[in-house]
Amino acid sequence: MNRRVVAMVLGISVLAGLATGYYLKSLSLGIFGPGQQKPAVNTAKVEVRVDEGTPVILEKEFLRSHKVIISEFENRSDIIGFSLDEIRSRYSPENGFFIKFTDGSLVIRQALDDWDPEDKARCRLKEYQGMVAVYTGPDSEHDSLMKVTAIRFASLPDIIKEAIHNGEYEFQNEAEVNDALENLDEYF
C-alpha cells in the first residue's frame, strides 16, 4: 500500500505543478519569460489616388500588328484625383483597357483590334483595270485603293510589271511611293 500512496502523492504533485505553471503564465507574471505577442497583419487596403505628380503611361497594343506603342496619357487631367477603382470604372476591360499601378506609375493598357499607324501608312503599287494604282494598308491582303495613276500598266517594262505583281514596289508611306511614281512617269 505504501507504493500506492507514493504514486498518488507523486501524481497529485505533478498535476499541481502543471496547474500552478499554467496559472502563472496566464497572469503574465514573467516567470517563464517575457510575454510575447504575435505581430498583427495590416489588412487595411491603401487607396491610391492619381495626383499631379503621378506619371500616367498609355500602352496601346495593336493586336493585328502585334506591336505596343508606349506614350504619355493625353487625357491625364481627366483622372487627377481619381482612385484606381474610379479609373477602372471609366476605362473598363469591356472597352479593351487594363489599369495597374506599379512602381509609382499608373499604367493604362489599351488593346485595339487594329493595325498600328505605321502599318496603315504603308503603300504599294498594283495594277487596277490596266492602270498603275496606289494602295495603302498593312499588307497586300488588307489594303485599300488610294488612287489610280495615269500610267498604263501595259506601257511598263516587263521587269517592272513582274516586280509590281510580286509586291516588290512597297513603301513605308505616301511620300516614298510618290517618289517612285515620279521615276515611272516616263511611261505615260
Side-chain angles (χ1 to χ4, degrees), residues 48 50-188:
V48 177
V50 176
D51 60 21
E52 290 290 334
T54 305
V56 182
I57 300 165
L58 176 64
E59 297 177 348
K60 283 188 176 181
E61 179 182 10
F62 294 92
L63 299 174
R64 292 185 183 187
S65 298
H66 305 290
K67 293 180 184 175
V68 176
I69 297 177
I70 299 172
S71 64
E72 192 169 326
F73 187 61
E74 296 169 4
N75 301 329
R76 188 174 195 284
S77 60
D78 294 345
I79 60 172
I80 299 294
F82 284 56
S83 70
L84 281 178
D85 290 335
E86 292 168 331
I87 295 169
R88 284 185 179 121
S89 69
R90 222 174 193 197
Y91 300 97
S92 65
E94 292 82 26
N95 295 326
F97 290 97
F98 175 72
I99 311 294
K100 69 179 176 178
F101 193 82
T102 181
D103 297 329
S105 299
L106 178 69
V107 179
I108 301 174
R109 187 173 188 102
Q110 182 181 18
L112 299 166
D113 186 24
D114 200 2
W115 303 97
D116 76 280
E118 190 177 282
D119 285 345
K120 281 183 175 181
R122 290 180 188 231
C123 296
R124 66 198 50 77
L125 296 180
K126 288 183 171 181
E127 179 184 8
Y128 178 78
Q129 296 181 351
M131 305 300 281
V132 174
V134 177
Y135 284 77
T136 184
D139 56 38
S140 62
E141 294 178 15
H142 300 96
D143 58 8
S144 58
L145 180 64
M146 180 200 246
K147 65 182 174 183
V148 179
T149 68
I151 303 170
R152 295 203 167 278
F153 192 78
S155 68
L156 296 174
D158 290 339
I159 192 164
I160 295 176
K161 286 190 234 179
E162 186 177 332
I164 289 174
H165 278 297
N166 291 335
E168 295 173 23
Y169 274 77
E170 186 169 295
F171 307 93
Q172 292 299 316
N173 52 45
E174 189 176 354
E176 287 182 14
V177 79
N178 287 337
D179 288 344
L181 286 172
E182 284 181 21
N183 293 332
L184 296 177
D185 68 356
E186 65 186 85
Y187 301 107
F188 270 108

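Please read all numbers here as calculations on a predicted model, not as lab measurements.
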The test is side-chain hydrogen bond (donor to acceptor under 3.5 Å, both in side chains); show your working for Asn95 and Ser92 and say whether it passes. CA-CA 5 Å; Asn95 295 326; Ser92 65; 3.2 Å; yes
With sequence neighbours excluded, residues passing ring pair (Phe, Tyr, Trp, His ring centres under 6.0 Å) with Phe97: Tyr91
Start with the C-alpha gap between Arg109 and Lys100, add the side-chain angles, then the distance that decides, and say whether side-chain contact (heavy atoms from CB on, under 4.5 Å) holds. CA-CA 8 Å; Arg109 187 173 188 102; Lys100 69 179 176 178; over 6 Å; no
Is the side chain of Ser65 donor-acceptor paired with the backbone N or O of Asp116 at a distance under 3.5 Å, no angle test? yes
Does the side chain of Met146 come within less than 4.5 Å of Cys123's, by heavy atoms? yes
Given the rule in the side-chain contact (heavy atoms from CB on, under 4.5 Å) test, do Ile57 and Ile70 qualify, once you have shown the distances and angles that lead to the verdict? CA-CA 7 Å; Ile57 300 165; Ile70 299 172; 3.6 Å; yes
Could you point out which residue of Arg64, Lys60, Lys120 forms a side chain to side chain donor-acceptor pair (under 3.5 Å) with Asp114? Lys120
Does Glu176 offer a backbone N or O that forms a donor-acceptor pair with the side chain of Asn173 under 3.5 Å? yes
Which heavy atom in Ser155 sits nearest to a heavy atom in Ile151, and how many Å separate them? OG-CG2, 4.3 Å
Side-chain donor/acceptor of Arg124 to backbone N/O of Phe171, under 3.5 Å: no
Considering all heavy atoms of both residues, which atom of Lys126 and which atom of Ile164 are nearest to each other, and what is their separation? CA-CG2, 3.8 Å
May I ask you to say whether Lys67 pairs ionically with Glu118, meaning some side-chain N is under 4.0 Å from a carboxylate O? yes
Relative to each other, are the rings of Tyr128 and Tyr135 parallel, tilted or perpendicular (30° and 60° limits)? perpendicular
Atom pair CG (Leu184) and CG (Leu125), whose distance is rounded to the nearest 0.5 Å: 6.5 Å
